[in-house]
Each structure stands twice: as C-alpha cells, then as structure tokens.
**Q** 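Let me give you the structure first, and then I'll get to my questions.
Just so we're on the same page: letters track the sequence lines, and every chain starts at 1. Every heavy atom of this structure was used, including side-chain atoms; hydrogens, water molecules and symmetry mates were not.
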Amino acid sequence: MPLRVGEKDFQTRVNRGLEDAFMRGTVRSAQEQLRTRKQASSEELGDWEAWRTLGEEIRTHTLEHLDYYLEQLSDKVAERGGHVYFAKTAEEGNAYVRQVAREKEAKKIVKSKSMVTEEMSLNDALESDGLEVVETDLGEYILQVDDHDPPSHIVAPSLHKNRAQIKDVFADKKGYENSDNANDITRFVRGELREEFLDADIGITGCNFAVAESGTISLVTNEGNGDLVTALPKTQISVMSMERIVPTWEELDVMVSLLCRSAVGQKLTSYITALTGPKSEDEIDGPEDFHLVIVDNGRSDILGTQFQSALHCIRCAACVNVCPVYRHVGGHAYGSIYNGPIGAVLTPLLDGYEDNKDLPYASSLCAACTEACPVNIPLHEHLIAHRQIITEKENLGPMPEKWAMKMFGTGASAPKLYRLGSKQAHRVMRPWTKGSRISNGPGPLKAWTNFRDLPAPSSERFRDWFAKRRRSNSDE
Amino acid sequence: MNVSLFITCLGDMFYPNAGKATVELLEKVGCTVDFPTQQTCCGQPAFNSGYHKEARKVAKQSIEVFKDSAYVVTPSGSCAAMLHEYSHLLEGEPEWQAEAEALSAKSYELTQFLVDVLKVENTGASFHAKATYHTSCHMTRLLQVSEAPQTLLSHVDGLEMLDLPRNYDCCGFGGTFAVKMPEISKEMVDEKVSCIHETQADVLIGADAGCLMNIGGRMDRENSPVKVMHIAEVLNYTEEGG
Ligand code: SF4
C-alpha cells in the first residue's frame with residue numbers, strides 16, 4: 001500500500017525518530033517559526049474564530065452535497081473541452097493516467113506536488129511503463145533525487161533535512177559543486193528543472209481546491225512551479241481526491257485565506273494557479289488537452305460516518321506544526337504520507353486498522369491539533385473514536401490492558417470495592433516505596449518508573465482526613 | 001453556599017494535601033463543603049483509552065453520586081473537563097444524558113468556581129516565592145479555563161510569577177499515554193522540565209494532579225530542587241498561619 005512508507009513497525013520508526021537529534025532540531029525550529037508566523041497572520045485577519053467557523057461551514061456544506069458539486073464540476077470541465085474520469089481506486093486512477101500517457105506517446109512527465117498521487121503511487125506506476133517522472137516542487141524534488149526518501153511533513157516534505165544534507169544529496173547525485181547556501185541550491189535546481197519543463201510531454205498537478213461553478217482547478221504553490229507545469233506541456237492531467245472541492249470562487253477565497261495563513265503564516269502564497277480546461281483558440285498559454293482525475297480511494301466510505309469531518313482537511317499542516325509528539329518523533333514515524341495528527345486520523349481510515357493500530361495512540365490528547373485546525377476538525381476526538389473502535393470492535397487492544405480496564409470499570413463503579421482498593425494501595429506499594437517515592441515500580445508501573453518517580457500512595461487518603469475532621473468537628 | 005467536592009482518584013490517594021487545601025479554601029470564602037463518599041474516579045482513563053463501555057459505567061456512578069448537589073467543584077481541570085464529556089459519552093441513553101447535562105451545568109474546576117461563580121479574586125494567601133504555572137492542556141483547551149488561575153495567583157501576596165516558555169505544550173502525561181508511549185512521553189516531559197528550569201522558579205504550580213505527578217516525578221528523578229505544588233495549596237497558604 002503506497003499510502004504507507006518506511007518500516008512496518010511503529011516502535012522501530014519512533015525510536016529512529018527519537019534518536020535523530022538532527023531532524024528533531026530542524027523540526028523544532030520550523031515548528032517555532034511557523035507557529036509564530038501563523039499567529040501573527042491570523043490575528044491580522046481579525047476574528048480568527050469567525051473565520052474558522054466559516055471554513056468549517058463551507059467544508060461541511062460541500063461534503064453534505066458532494067454528489068451535486070462533483071457533477072457540476074464534471075459538467076463544467078467537460079463544457080470547456082476537458083475530460084473527467086472518476087477513479088474508484090488508486091489502481092483505476094493510475095491506469096487512466098498511464099493510458100493517457102500511452103496515447104500521447106509521452107516520455108517525460110513533470111509534476112507539481114500532489115499528495116493524492118503519492119497516495120496512489122502514481123510515479124511508480126508511470127516509471128514501470130518506462131516514463132521519466134520529475135517532481136518540480138523543490139522539497140519533492142530533493143526527496144526524489146535522494147532515492148525517493150519518503151516525505152516527512154505535509155507542507156514541507158523534506159523538513160527532516162537541513163541545507164548541508166540537501167547540498168550533499170545534490171553533490172552526490174547531480175554533481176552540484178556550490179555551497180549549501182539556500183540561494184545557490186535553488187538556482188542550481190532551477191537550472192536543472194528548466195530543461196525538464198521544456199522537454200516534458202505531460203504535466204501532472206494535484207489540486208488544492210476545484211471550483212465547481214466554473215470547473216476550475218486551483219493550485220497554491222510557493223515556487224511558481226505549478227504555473228510552469230500547467231503552462232508548458234501540451235497535455236495536462238490534474239489529479240484530485242474527491243473532497244477537494246468548493247462551490248464557488250467566493251468560498252475559494254475563504255479557503256485559500258485559511259490555507260495560506262495556517263500553512264506558512266502568509267496572507268497569500270506566492271502563486272495561486274487557476275486552470276480551467278484546455279486553452280481556447282485565442283489563448284497563448286496552456287495545455288491543448290486537459291484531464292481531470294477525481295479519486296475516491298476509500299473516501300466515500302468515510303462519508304456519513306462519525307469521521308466525516310476528517311475529510312474537511314485542507315492539508316495546511318497547522319496540526320502538525322503544533323503537535324508535541326510530531327516534534328519529537330518526526331514525520332517518518334507515522335509511516336504514512338499523511339503524518340502528524342491528521343495522519344493518525346486519516347491513515348487508519350484509508351488503510352485499515354491492522355497495520356496502523358498504534359497511530360491513534362501516538363497522542364497525549366492535548367488537543368493542540370484541534371485548537372490549531374482552521375476548519376475545526378476535532379482531531380483529538382477522532383483519535384479517541386479510533387481507540388474505541390480498536391478496543392471494542394476490532395478487538396486489537398492488548399489483553400492486559402483489556403483486563404485492567406475491565407477491572408477499572410468494575411472497581412470505579414462499585415464504591416465499596418474502590419474504597420477498599422485505594423485504602424490498600426499504600427500498604428501494597430510499601431515494598432517498592434523509598435521515603436515518599438517509588439522509583440522502581442512493579443508490573444504496569446514499570447513504564448512509568450523507567451523515567452520518573454511515582455509519589456507513594458498517601459497513608460492517609462483525603463477521604464480519611466475528611467471523615468476524621470468531620471467527626472472531630474461534630475464532637476466540638 | 002453548599003458545595004460538593006469531587007476530589008478525584010489521584011487527589012484522594014496521592015495528593016490529599018491539595019484536597020485539604022481545597023476544603024479550607026472553600027470554607028474560607030464562605031462555602032459549606034461536603035464530600036460524598038460514594039465517589040470514585042471520573043472515568044477518563046477508560047474513556048481516553050477507548051473503553052467506553054467501562055467509562056459509561058463510571059460516568060453513571062458519578063452522576064448518581066452528585067445528583068442532589070447544588071455545585072460540584074473539583075481541584076482538577078482535566079477531571080472537570082471529563083464531567084463535561086458525559087453527555088457526549090452517554091449519547092443514545094436519553095435519560096442518562098439529561099442527567100449528564102445537569103451534572104455538567106453545575107460542575108466547576110476549583111479556580112473557575114472561585115472566580116466565575118463566587119467572584120473571588122483574592123484568597124488572602126501570602127507566599128513568598130518565585131513560581132511558574134503549568135497550564136494543563138485539558139483545562140485550557142477542553143474546559144477553556146486559562147484566566148482564572150492566573151488572576152488568583154496574581155493576588156497572592158509575595159508571590160512572583162514567572163512566564164513559562166512554551167507553556168502551550170503538553171507535558172507528556174496524557175493519562176495512559178505516559179505508560180503506552182513512555183519514550184515519547186519522556187522526551188515531552190524533559191522539554192517541559194528544561195523550560196521550568198529556564199525560568200529559575202523555585203516552585204512549579206499546577207491545577208491537575210496528573211500533570212504534577214508527571215512533571216514532579218521527572219524532576220524528582222533528576223533531583224531537581226524545584227518544588228511542585230497544587231494551586232489550591234498555594235491559594236490557601238498564609239505565611240503567618242502556615
Ligand atoms: S487537519 Fe486541520 S490543521 Fe491538520 S492539515 Fe488538515 S486542515 Fe490543516
């Protein structure tokens with residue numbers, strides 16, 4: 001499953017992340033910078049809460065009428081001379097793109113960043129047909145050149161690398177000889193990519209939002225590569241997941257404002273590309289042939305469930321940028337192209353629980369993600385809902401935990417039992433208690449006392465004190 | 001005013017002093033305090049771990065216990081937030097849900113109750129120390145209480161409050177998270193502890209036993225000189241009387 005990347009085992013991935021002091025340093029400073037910038041730019045917008053509510057309403061409305069808007073979008077694209085293809089699965093989507101490439105006798109394809117094509121492993125599919133596929137987004141390009149290193153952040157896919165490492169990648173693979181200065185590297189990449197753009201037969205883009213009323217695909221980029229991918233090659237294919245749609249340009253305006261501010265703390269990004277069908281006769285730029293591939297790949301199964309609002313996501317990564325767990329383990333630990341809190345919610349939905357059952361637990365439920373999300377997705381609640389399904393429906397919860405929770409349920413709803421248990425705690429723990437602390441707890445306390453002390457249960461519980469006090473008060 | 005205390009399981013067993021201070025503090029400001037002995041835990045460990053069947057049982061127990069109370073006050077932001085979660089948890093059981101809503105309408109975290117209901121901002125405490133305050137996530141984000149503790153602390157005579165860097169980050173407790181993902185949790189608490197040390201405070205104040213247990217436990221392990229106190233203890237402290 002292409003959605004998944006890296007090692008299969010969650011703990012291995014986490015350990016690798018924790019050991020990578022270098023990556024954690026990069027992530028830490030990026031988080032700090034993005035957080036401050038987001039705050040400043042959203043404050044400037046005025047009432048941020050009102051904007052979020054508006055964003056949420058737009059997403060809810062659109063998803064509740066998704067059939068209608070998808071049909072409208074598809075009609076409009078067709079009206080403008082474009083082709084629309086609905087792909088139920090990743091395979092269907094890939095097959096369609098491969099077929100277009102074959103018909104065009106294409107050799108080279110340039111792409112601008114698209115998460116859904118990552119999810120589909122479209123590049124692999126095209127490469128297996130002998131095509132050359134070039135990512136043109138700087139971050140994606142770095143990863144591609146570095147032997148397809150997986151992305152580690154939704155907006156900044158190569159966040160785990162710093163300038164020195166990036167320089168080494170280009171020196172090793174592309175003969176780059178200049179400094180690790182960002183400008184030098186960018187200039188070099190620009191030179192490399194210019195040739196690719198001119199040579200390419202097909203341009204493939206993702207889609208941040210499709211505007212249903214006009215059949216327009218909009219792309220939000222920081223480098224302008226989206227412009228080139230859509231302007232130069234004769235054939236243009238946009239691939240979108242089915243929920244990335246807004247009714248009209250008015251809503252697009254709101255969503256783009258929310259996206260840019262949440263993602264990078266900017267009022268607008270440097271480039272917003274809007275593409276409406278193939279070019280008409282009087283236009284100079286643009287593709288002659290335009291295809292829109294709308295991908296479901298498991299999303300319609302989420303519609304109508306308690307997780308529907310996960311489809312509101314506009315991939316801004318605000319949740320990732322505030323997550324303290326992400327901060328310490330990095331994006332690769334999630335083992336999915338969708339990382340951070342939204343990754344922990346979305347990956348099990350798209351890829352099932354079996355291989356992703358650890359993800360919903362990789363959160364302290366601090367709700368920083370929920371607080372940050374510009375479209376009000378209750379991320380931490382979704383994580384709890386996943387846990388409930390994992391323990392109660394999928395039966396994937398570990399046995400000892402299950403017994404412990406059963407006992408907890410029984411104990412905590414039977415006051416007598418509970419009182420007895422808490423009274424005994426002090427005595428039971430005595431062998432492990434030194435002074436007022438426990439530093440080496442038995443059984444389930446081990447994980448806690450590996451890193452921290454535990455206060456010893458008090459010999460006089462609050463309730464004992466209160467009862468005694470009441471007695472002496474009434475004696476007086 | 002009659003107030004029922006919900007002391008919570010951690011408070012009862014591990015931090016009885018926070019409970020005692022809560023009682024004295026509430027009496028000081030004119031409340032009659034009662035402690036229904038049938039109470040147990042708020043059910044959060046089961047709820048957050050996904051064991052909702054068990055959590056529902058515990059929720060019903062708490063609802064029964066506080067049925068006749070006028071106000072329910074708890075010295076824990078996280079457990080207060082859990083009480084507010086009951087009606088959500090009991091969806092599909094309309095009678096219980098109505099009771100849950102009634103409970104949530106009369107439940108308050110201690111500082112929230114003092115400031116919002118009793119309109120008390122100065123508890124008359126005096127405590128000469130340099131301190132910093134840990135804003136627990138559930139209290140600020142789920143219960144939406146962030147001003148009240150700061151207001152009350154700002155009126156404590158002699159107390160110098162220092163800003164805690166990255167105060168918005170979780171300390172890594174997260175209930176079972178701390179034992180389920182111990183390595184990640186450790187990194188989180190380490191970062192919290194180093195921020196606390198950066199302030200050069202002598203005392204760390206918090207309003208949640210869970211967070212205090214986590215941060216304090218880590219500081220104890222490292223033999224940190226910083227003392228950990230529950231906010232009720234600070235607000236009830238008087239240098240003359242001790
Ligand atoms: S879940 Fe919300 S915050 Fe996270 S990427 Fe999606 S829209 Fe942004």
Side-chain angles (χ1 to χ4, degrees), chain A residues 14-15 18 322 324-325 327-329 360-368 370-371 384-392 397 401-402 405-406 408-415 418-419 422 425-426 437 439 444-445 447-448 450-455 457-458 460-467 469, chain B residues 5 7 9 11-16 18-20 23 35 37-41 43 45-55 57-58 60-61 65 137-138 141-142 168-189 191 213-214 216-218 220-221:
Chain A
V14 164
N15 291 346
L18 290 172
V322 298
V325 170
R327 181 178 176 84
H328 293 291
V329 300
Y361 294 93
S363 164
S364 64
L365 301 179
C366 73
T370 303
E371 183 183 60
I384 297 177
H386 272 321
R387 294 177 184 188
Q388 191 193 359
I389 292 171
I390 289 170
T391 57
E392 290 179 357
E401 179 186 89
K402 203 175 247 169
M405 286 301 171
K406 275 231 161 72
F408 171 81
T410 311
S413 50
Y418 181 85
R419 282 202 297 272
S422 72
H426 167 68
R437 305 181 196 172
S439 299
L445 292 179
W448 178 277
N450 265 343
F451 300 119
R452 327 164 184 76
D453 289 344
L454 185 76
S458 178
E460 186 189 53
R461 294 168 305 173
F462 170 82
R463 61 178 73 227
D464 306 324
W465 172 84
F466 193 87
R469 183 173 184 261
Chain B
L5 283 181
I7 282 302
C9 50
D12 189 23
M13 276 196 281
F14 294 101
Y15 295 99
K20 296 176 198 173
V23 173
F35 176 81
T37 53
Q38 303 293 93
Q39 64 180 273
T40 59
C41 162
F47 177 71
N48 281 355
S49 305
Y51 293 85
H52 290 197
K53 223 176 18 204
E54 283 74 15
K57 266 178 99 183
V58 183
K60 289 176 184 172
Q61 163 68 19
V65 168
C137 306
H138 285 183
R141 300 206 177 95
L142 303 188
Y168 42 76
D169 263 349
C170 172
C171 70
F173 175 60
T176 50
F177 173 76
V179 287
K180 263 198 133 122
M181 305 255 160
E183 293 88 3
I184 306 176
S185 168
K186 176 211 167 238
E187 295 298 328
M188 288 162 69
V189 71
E191 190 164 23
M213 195 155 134
N214 182 42
R218 183 67 188 162
D220 278 349
R221 176 62 54 92

**Q** Can you tell me which of B/Gly11, B/Gly216, B/Ser185, B/Ala18 forms the most heavy-atom pairs within a distance under 4.5 Å of chain A?
**A** B/Ser185
**Q** CD/A/Glu460 to CE/B/Met13 distance, rounded to the nearest 0.5 angstrom?
**A** 15.0 Å
**Q** What part of B/Thr176 gets within 4.5 angstrom of chain A, counting heavy atoms only: side chain, backbone, both, or neither?
**A** side chain
**Q** Counting heavy-atom pairs closer than 4.5 Å to chain A, which one of B/Leu142, B/Val179, B/Val65, B/Asp12 comes out on top?
**A** B/Asp12
**Q** B/Glu183 side chain to A/Asn15 main-chain N or O, any donor-acceptor pair under 3.5 Å?
**A** no
**Q** Pair A/Ile384, B/Phe47 - check side-chain contact (heavy atoms from CB on, under 4.5 Å), show working.
**A** CA-CA 8 Å; A/Ile384 297 177; B/Phe47 177 71; 3.7 Å; yes
**Q** Does any backbone or side-chain atom of B/Cys9 lie under 4.5 Å from a heavy atom of chain A? Answer side chain, backbone, both or neither.
**A** both
**Q** Which region of B/Lys60, side chain (C-beta onward) or backbone (N, CA, C, O), has a non-hydrogen atom less than 4.5 Å from a non-hydrogen atom of chain A, or is it both or neither?
**A** neither
**Q** So which part of A/Trp448 gets closer than 4.5 Å to some heavy atom of chain B, the side chain, the backbone, both or neither?
**A** both
**Q** Go through A/Pro457, A/Ala412, A/Ser458, A/Ala385 and name the one with the most non-hydrogen pairs under 4.5 angstrom from chain B.
**A** A/Ala412
**Q** Flag the one option from A/Ile389, A/Leu365, A/Ile390 with the top tally of heavy-atom pairs under 4.5 Å to chain B.
**A** A/Leu365
**Q** Does either side chain, that of A/Arg452 or that of B/Asn214, offer a donor lying less than 3.5 Å from an acceptor on the other one?
**A** yes
**Q** Under 4.5 Å heavy-atom distance to chain B, tell me which part of A/Thr410 shows up: side chain, backbone, both or neither.
**A** both
**Q** Would B/Val58 and A/Phe408 count as a side-chain contact (heavy atoms from CB on, under 4.5 Å) if you check the C-alpha gap in whole Å, the side-chain angles of each, and the deciding distance to 0.1 Å?
**A** CA-CA 9 Å; B/Val58 183; A/Phe408 171 81; 4.1 Å; yes
**Q** Has the side chain of B/Thr40 got a donor or acceptor atom that lies under 3.5 Å from a matching backbone atom of A/Tyr418?
**A** no
**Q** Under a 3.5 Å distance rule, please check whether A/Arg463 uses its side chain to pair with a backbone N or O of B/Ile7 as donor and acceptor.
**A** no
**Q** Has the side chain of B/Arg141 got a donor or acceptor atom that lies under 3.5 Å from a matching backbone atom of A/Glu371?
**A** no
**Q** Which heavy atom of B/Glu54 sits nearest a heavy atom of A/Met405, and at what distance?
**A** CG-O, 3.2 Å
**Q** Please state whether the rings of B/Phe35 and A/Phe462 are parallel, tilted or perpendicular, taking 30° and 60° as the class boundaries.
**A** perpendicular
**Q** Could you tell me which portion of A/Leu18 (side chain, backbone, both or neither) has an atom closer than 4.5 angstrom to a non-hydrogen atom of chain B?
**A** side chain
**Q** Tell me, side chain or backbone of B/Tyr15 under 4.5 Å from chain A's heavy atoms, or both, or neither?
**A** side chain
**Q** Could you tell me which portion of B/Val23 (side chain, backbone, both or neither) has an atom closer than 4.5 angstrom to a non-hydrogen atom of chain A?
**A** side chain
**Q** Measuring from A/Tyr361:OH to B/Asn48:CG, what's the distance to the nearest 0.5 Å?
**A** 11.0 Å
**Q** Sort B/Asp169 into side chain, backbone, both or neither according to what part of it lies under 4.5 angstrom from a heavy atom of chain A.
**A** side chain
**Q** Name the option with the most non-hydrogen atom pairs under 4.5 Å to chain A; the candidates are B/Lys180, B/His52, B/Lys186, B/Arg218.
**A** B/His52
**Q** Minimum heavy-atom separation for A/Val325 and B/Met188, please, with both atom names.
**A** CG2-SD, 3.9 Å
**Q** Quick check against the 3.5 Å criterion: does A/Glu392 have a side-chain atom that pairs as donor or acceptor with the backbone of B/Lys53?
**A** yes
**Q** Pick one of side chain, backbone, both or neither for B/Met181, based on which atoms fall under 4.5 Å of a heavy atom in chain A.
**A** side chain
**Q** Test side-chain contact (heavy atoms from CB on, under 4.5 Å) on B/Tyr51 and A/Lys402 and set out the steps.
**A** CA-CA 8 Å; B/Tyr51 293 85; A/Lys402 203 175 247 169; 4.0 Å; yes
**Q** Quick one: pull up CG in A/Leu454 and CG in B/Asp220 and give me the separation to the nearest 0.5 Å.
**A** 10.0 Å
**Q** Heavy-atom pairs under 4.5 Å with chain B: which of A/His426, A/His386, A/Arg461, A/Lys406 has the most?
**A** A/Arg461
**Q** For the CZ atom of B/Phe173 and the OG atom of A/Ser364, what is their distance to the nearest 0.5 Å?
**A** 10.5 Å
**Q** Let me know if A/Ala368 has heavy atoms under 4.5 Å from chain B in its side chain, its backbone, both or neither.
**A** both
**Q** So which part of B/His138 gets closer than 4.5 Å to some heavy atom of chain A, the side chain, the backbone, both or neither?
**A** side chain
**Q** For B/Lys20, which atoms come within 4.5 Å of any heavy atom of chain A: side chain, backbone, both, or neither?
**A** both
**Q** Hey, could you give me the OG/CD distance between B/Ser49 and A/Glu401, rounded to the nearest 0.5 Å?
**A** 5.5 Å
**Q** Determine the minimum heavy-atom distance between B/Gln61 and A/Pro415, stating which atoms define it.
**A** NE2-CG, 3.0 Å
**Q** Select, from B/Cys137, B/Gly174, B/Gly217, the one with the greatest count of heavy-atom pairs under 4.5 Å involving chain A.
**A** B/Gly217
**Q** So, for A/Ala447 and B/Pro182, which heavy atoms are closest and what is the spacing to 0.1 Å?
**A** O-CB, 3.9 Å
